[in-house]
Amino acid sequence: MGRYVFKLPDVGEGTAEAELVGWHVKVGDAVAEDQIVADVMTDKATVEITSPVAGKVSKLHGEPGQMLAVRGPLVEFEVEGAGNASAEGPPSNPASQASVPPEGGQSPASKSPPTGGSTGEAGEGGRTASAPGANYVFKLPDVGEGTAEAELVGWHVAVGDAVEEDQILAEVMTDKATVELTSPVAGTVVALHGEPGRQIAVGGPLVSFQVAGKGNVSAPLSLEGRGAGGEGAPPAAVSEAPKAPSSLPAAAARPAASTPTQPSPLKGEGSRQLSDRNQRPLASPAVRQRARDLGIELQFVPGSGPAGRIEHGDLDAYLASGPRGSSASGASAPSTYAKAEGTTETRVIGLRRRIAEKMAESVRRIPHITYVEEIDVTALEELRAHLNANRKPDQPKLNVLPFLARAMVVALRDQPTINSHYDDEGGVLTTHAAVHLGIAAQTPNGLMVPVVRHAEARDPYDTAAEIARVSSAAKSGKASREELSGSTITITSLGTLGGVVHTPIINHPEVAIVGPNKIQERVVVKDGQMVVRKMMNLSSSFDHRIVDGHDAAVFVQRIKNLLEHPATLWMS
């Protein structure tokens with residue numbers, strides 16, 4: 001029997017620790033591979049952690065409510081085979097502790113797989129059919145409670161790469177969070193299962209490795225694609241390793257006999273040639289997405305943030321200095337009037353695809369009625385300027401949104417049906433007493449709708465502070481699932497780019513959305529005189545199945561009256 005120490009994986013990009021919510025196992029339990037062992041929670045999602053091995057639980061690290069460090073020990077198992085740790089002492093690299101297979105990549109005839117769980121993509125006889133040469137298959141873990149699949153956003157390794165334990169392999173995204181997946185073992189990547197944009201089932205194969213020792217496949221296939229029975233061609237979706245892996249590090253291509261102190265394939269002098277690709281720069285999800293959009297490789301961008309973290313300003317500076325590898329000969333730029341040729345195809349994946357699907361679903365399912373009204377906000381702007389000039393140091397600066405939010409709260413008292421969710425499949429309208437106000441925010445990753453909860457209970461300063469907080473969290477990629485869900489009615493604002501009018505799309509399953517346009521001075525007739533006033537158009541859309549045109553007009557006119565007489569906003 002061997003000892004296997006399972007470390008807490010990276011459960012969200014930039015997350016250094018997670019709270020242990022509860023255990024699903026106890027000491028002495030026999031656990032199958034992929035069985036849920038614990039629930040942990042970050043500021044982004046609650047995640048079910050599954051076991052990478054089959055074995056018997058010998059130790060649990062931590063109590064519910066305790067914060068656990070990512071890559072710190074979580075569960076210790078007794079497993080068949082060498083495990084990944086010595087009988088005593090801290091866990092070490094799996095490659096350094098396990099016995100090494102002989103030449104040809106075959107495991108020695110040994111014990112059958114541990115009872116209680118399958119290993120790899122097992123078929124008849126327990127052989128893997130995942131990829132030739134693989135003796136360890138890393139399956140997609142559960143990356144969010146209730147999630148059956150996740151979208152593969154991108155790979156951080158390639159076939160043939162030597163990978164260390166805990167090195168980032170890929171990014172996947174659910175409707176709750178974007179998660180970086182790290183390797184549970186050290187070894188060589190033999191196959192990558194899937195392309196960016198593809199949906200991968202939880203528990204399905206993600207990466208196939210060749211590792212020293214038994215791995216988690218009872219009879220690994222050879223590099224020529226022949227297993228114990230002479231079969232084993234990989235599926236079409238798998239990226240195969242080259243048949244003659246001459247470019248791989250020697251330790252990965254043909255493991256030799258070693259002692260327990262042998263370093264992993266990436267350690268030592270041979271790792272330097274891969275350092276640019278395998279040492280992942282520090283950056284937020286928003287910065288990574290923007291770099292992808294711009295075609296910038298982050299490893300070439302100097303970071304100015306803490307610990308060398310790359311920020312948006314660093315991308316701007318990199319672009320201003322010219323891309324890496326550009327000509328230094330001073331050749332003249334192409335003519336302004338040169339003909340442009342060719343096309344560019346960009347796959348719509350990740351959050352951009354989710355936004356597209358949500359917008360299409362809203363338009364397809366909801367018959368929109370759009371209503372636009374102009375509002376004289378001269379008095380409101382005077383009040384706002386006065387409040388900002390006399391605010392306390394701890395009070396935020398006010399824009400028009402806190403006043404619009406208050407006007408909506410007051411108007412909804414007379415028309416509560418507009419503050420509802422409509423389940424058109426079940427034919428149920430759920431009207432909410434609380435006003436949880438969605439704030440449509442443009443982020444580097446695309447449109448998100450963070451939520452200001454209980455807007456009805458907030459004064460203008462509190463509302464402004466909360467709008468700024470949740471919007472900032474969304475733009476930085478740090479908003480939690482709770483902060484991005486549960487809105488009952490939404491405001492969409494384009495700020496100074498607000499235009500004259502727009503036709504906002506309802507945030508399904510809500511039944512209304514309100515959008516202010518830009519404020520501009522116009523000449524209007526007031527009391528028989530032509531005067532210059534500050535005017536703003538208010539655009540709004542309603543679900544015509546729930547809100548009749550008359551009711552939509554009454555709602556907007558009530559908001560208009562409140563904003564044109566702002567002293568009444570907190571007198572109602």
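Along the sequence shown, residues carry numbers from 1. These figures come from a predicted structure and were not determined experimentally. Computation of the quantities below employed the complete heavy-atom set of this structure, encompassing side-chain atoms and omitting hydrogens, waters and symmetry-equivalent molecules.
Heavy-atom contacts from other residues, nucleotides or ligands closer than 6.0 Å to NZ of Lys358 number more than 12.
When atom types are taken as modelled, the side chain of Ser183 and the backbone of Gln167 share no donor-acceptor pair closer than 3.5 angstrom. Panel note: side chain Asn561, backbone Arg558; no donor-acceptor pair is recorded below 3.5 Å. In terms of modelled atom types and a separation under 3.5 Å, the side chain of Asn507 and the main chain of Glu510 share no donor-acceptor contact. Remark: side-chain polar atoms of Trp23 are paired, donor with acceptor, to backbone N or O of Gly62 under 3.5 angstrom. Proximity of a side-chain donor or acceptor of Ser471 to a complementary backbone N or O of Ile467 within less than 3.5 Å is detected. Remark: the backbone N or O of Gln529 is not paired with any side-chain donor or acceptor of Asp527 at under 3.5 angstrom. Of the possible donor and acceptor atoms, none in the side chain of Lys139 sits under 3.5 Å from a partner among the backbone N and O of Val202.
Residues Val377 and Phe403 fail the side-chain proximity criterion, which asks for heavy atoms closer than 4.5 Å. Between Glu48 and Asp39, some side-chain heavy-atom pair lies under the 4.5 Å cut-off. Using a 4.5 Å heavy-atom threshold, the side chains of Val435 and Met408 count as separate. Side chains of Leu298 and Leu315 form a contact here, defined as non-hydrogen atoms less than 4.5 Å apart. Taking 4.5 Å as the limit, some side-chain heavy atom of Ile489 sits within range of a side-chain heavy atom of Leu437. Side-chain contact between Phe555 and Leu412 is present, with heavy atoms from C-beta onward closer than 4.5 Å. At a threshold of 4.5 Å between non-hydrogen side-chain atoms, the residues Ile49 and Leu74 count as touching. The closest side-chain heavy-atom distance from Phe138 to Thr182 is not below 4.5 Å.
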Inset, instruction - Please test Gln395 against Asp459 for side chain to side chain contact (heavy atoms under 4.5 Å, CB included), starting from the C-alpha separation and ending with a verdict. - result: CA-CA 11 Å; Gln395 291 177 325; Asp459 64 26; over 6 Å; no

Inset, instruction - Please report the C-alpha distance between Leu563 and Leu404 in whole Å, then the side-chain angles of each, then the deciding distance to 0.1 Å, and finally whether the side chain to side chain contact (heavy atoms under 4.5 Å, CB included) criterion is met. - result: CA-CA 7 Å; Leu563 293 179; Leu404 176 58; 4.1 Å; yes

Inset, instruction - Please assess Ile369 against Val547 for the test side chain to side chain contact (heavy atoms under 4.5 Å, CB included), listing each intermediate value before the final yes or no. - result: CA-CA 9 Å; Ile369 175 176; Val547 184; 5.8 Å; no

Inset, instruction - May I have the step-by-step check of side chain to side chain contact (heavy atoms under 4.5 Å, CB included) for Leu538 and Val514, ending in yes or no? - result: CA-CA 7 Å; Leu538 189 70; Val514 175; 3.6 Å; yes

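Using a 4.0 Å cut-off between charged nitrogen and carboxylate oxygen, Arg384 and Glu381 count as a salt-bridge pair. Ion pair Glu482/Arg453 not flagged as a salt bridge, since none of the NZ, NE, NH1 or NH2 atoms sits closer than 4.0 Å to an Asp/Glu carboxylate oxygen. The residues Arg533 and Glu564 are annotated as not salt-bridged, no charged nitrogen and carboxylate oxygen being separated by less than 4.0 angstrom. Ion pairing of Lys392 with Asp394 is absent here, as no side-chain N (NZ or NE/NH1/NH2) approaches a carboxylate O to less than 4.0 Å.
Within the structure, no pair that satisfies the ring pair (Phe, Tyr, Trp, His ring centres under 6.0 Å) test touches residues 350-374, not counting sequence neighbours. Sorted by first and then second residue, the ring pair (Phe, Tyr, Trp, His ring centres under 6.0 Å) pairs with a member in residues 429-450 read His421-His432, His436-His454; sequence neighbours excluded. Listed by first then second residue, pairs satisfying ring pair (Phe, Tyr, Trp, His ring centres under 6.0 Å) with a partner in residues 471-515 number zero, not counting sequence neighbours.
When all heavy atoms of Glu373 and Lys560 are compared, the closest pair comes out as CG-CD, 3.7 Å. Closest of all the heavy-atom pairs between Leu140 and Leu206 is N-CB, 4.1 Å. Closest non-hydrogen pair, Ala170 versus Leu152, comes out as CB-CD1, 3.9 Å. Closest non-hydrogen pair, Leu562 versus Ala411, comes out as CD1-N, 4.4 Å. Leu398 and Ala464 get closest at one heavy-atom pair: CD2-CB, 3.8 Å. A pairwise comparison of heavy atoms in Glu483 and Ala473 identifies OE1-CB, 4.2 Å as the closest pair.
Here the straight-line distance linking atom CD1 of Ile375 with atom CD1 of Ile519 works out to 9.5 Å at 0.5 Å rounding. Atoms OH and OG1, from Tyr422 and Thr417 in turn, are 13.0 Å apart once rounded to the nearest 0.5 Å. For the atom pair CZ of Arg365 and CG of Asp543, the computed distance is 10.5 Å after rounding to the nearest 0.5 Å. Within the model, atoms CD1 of Ile506 and OG of Ser362 stand 6.0 Å from one another, a figure rounded to the nearest 0.5 Å. Here the CG atom belonging to Leu380 is positioned 12.0 Å from the NE2 atom belonging to His565, to the nearest 0.5 angstrom. In this structure, Tyr318 OH and Leu294 CG are separated by 10.5 Å, a value rounded to the nearest 0.5 Å.
The side-chain hydrogen bond (donor to acceptor under 3.5 Å, both in side chains) check on Tyr461 picks up nothing, with sequence neighbours excluded. Legend: residues meeting side-chain hydrogen bond (donor to acceptor under 3.5 Å, both in side chains) with His386, ordered by chain and number and at least two apart, are Asn390. Residues meeting the side-chain hydrogen bond (donor to acceptor under 3.5 Å, both in side chains) test with Ser539, sequence neighbours left out: Asn517.
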